[in-house]
A.B. asks: 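Structure provided below as structure tokens; questions to follow.
Just so we're clear, the structure is a prediction, and the values are computed from it rather than from any experiment. Atoms within each ligand, like the ligands themselves, are counted from 1 in listed order.
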Amino acid sequence: MESRANIAVSLSTEEPDDGRELFKGKWLQYCEQEILHALAEAGGQPVLLPDLRDEELIVRGLELCDGLLLTGGSDVSPMVYGEEPLREVWRGDHARDLYELALVHEALREGLPVLGVCRGCQLLNVAFGGTLFQDIAAQVEGSLCHRDAVRYDAMRHEIEISEPSALARILGSGKREVNSVHHQAIKDLGKGLRAVAFASDGMIEAVEAEEGFILGIQWHPEWLPGARGLDEVFEAFVASCQSRAARA
Ligand code: MN
């Protein structure tokens, strides 16, 4: 069998819902499908690592893997960067934050490549000590629309990728169009990260670390149409995980 890098994928959680027919009243952990297919098509072997409320099992789980993908989903809780939620609906998923922060810190300790998509980009920034806008529209005057409930993943805007950067080596520098399905964004950059892509309103759309493959992107390449446009990010990430697997 061909060798493939094992890529740890973080999961979303859904609260118990008595109105649900299946798994009524139960907590769920799940992952959206496109991102798993995109990883597999890029040559990776996705490995879903659940939140078991146990750091030791996070370490054990990551030992099986050559890289970490932080997926999108619910809001990051302001509590993890020292703020109170400005509105109750922006309280985020604190339990998920703690699980994913443990994953990131362990991955960084082990020198594993890390890719954060959307929420994952924001979480990565928080893991490096940064903060977020709890809601772009409420907190940034004159901001672009970054999430539209109706257009959802068809919502697009331009970004500008700065040079020199690892992202520019993957996608090229200059302007690209991306989708935008987020209402939170990076406010203060984490220490050790740099912003490498911006929307025209100044919102940070991508961050990376100086060393290793540590990249956060605010858009969802897996939801872009055509040959999954901008999938070069997944390919570069998987390639980095593969070379890490070959070294280990
Ligand atoms: Mn955006």
A.B. asks: Check all N, O or S atoms of His146 and name the one closest to the Mn ion (ligand 1).
C.D. replies: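 Among the N, O or S atoms of His146, the one closest to the Mn ion (ligand 1) is ND1.
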A.B. asks: Would you say Met203 has an N, O or S atom lying under 2.8 Å from the Mn ion (ligand 1)?
C.D. replies: no
A.B. asks: Which single N/O/S atom of Glu205 lies at minimum distance from the Mn ion (ligand 1)?
C.D. replies: OE2
A.B. asks: Of all N, O or S atoms in His182, which has the smallest distance to the Mn ion (ligand 1)?
C.D. replies: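 Of all N, O or S atoms belonging to His182, NE2 is the one nearest the Mn ion (ligand 1).
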A.B. asks: Hey, does Lys187 have a side-chain heavy atom less than 4.5 Å from the side chain of Tyr81?
C.D. replies: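 They are not in side-chain contact.
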A.B. asks: Relative to each other, are the rings of Phe237 and Phe213 parallel, tilted or perpendicular (30° and 60° limits)?
C.D. replies: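 Phe237 and Phe213: tilted rings.
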A.B. asks: Does Arg60 CZ have over 12 foreign heavy atoms under 6.0 Å away?
C.D. replies: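 No - once you tally the heavy atoms of other residues, nucleotides and ligands closer than 6.0 Å, there are 12 at most.
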A.B. asks: Could you please spell out the steps behind the side-chain contact (heavy atoms from CB on, under 4.5 Å) verdict for Trp223 and Val181?
C.D. replies: CA-CA 10 Å; Trp223 292 342; Val181 199; 4.2 Å; yes
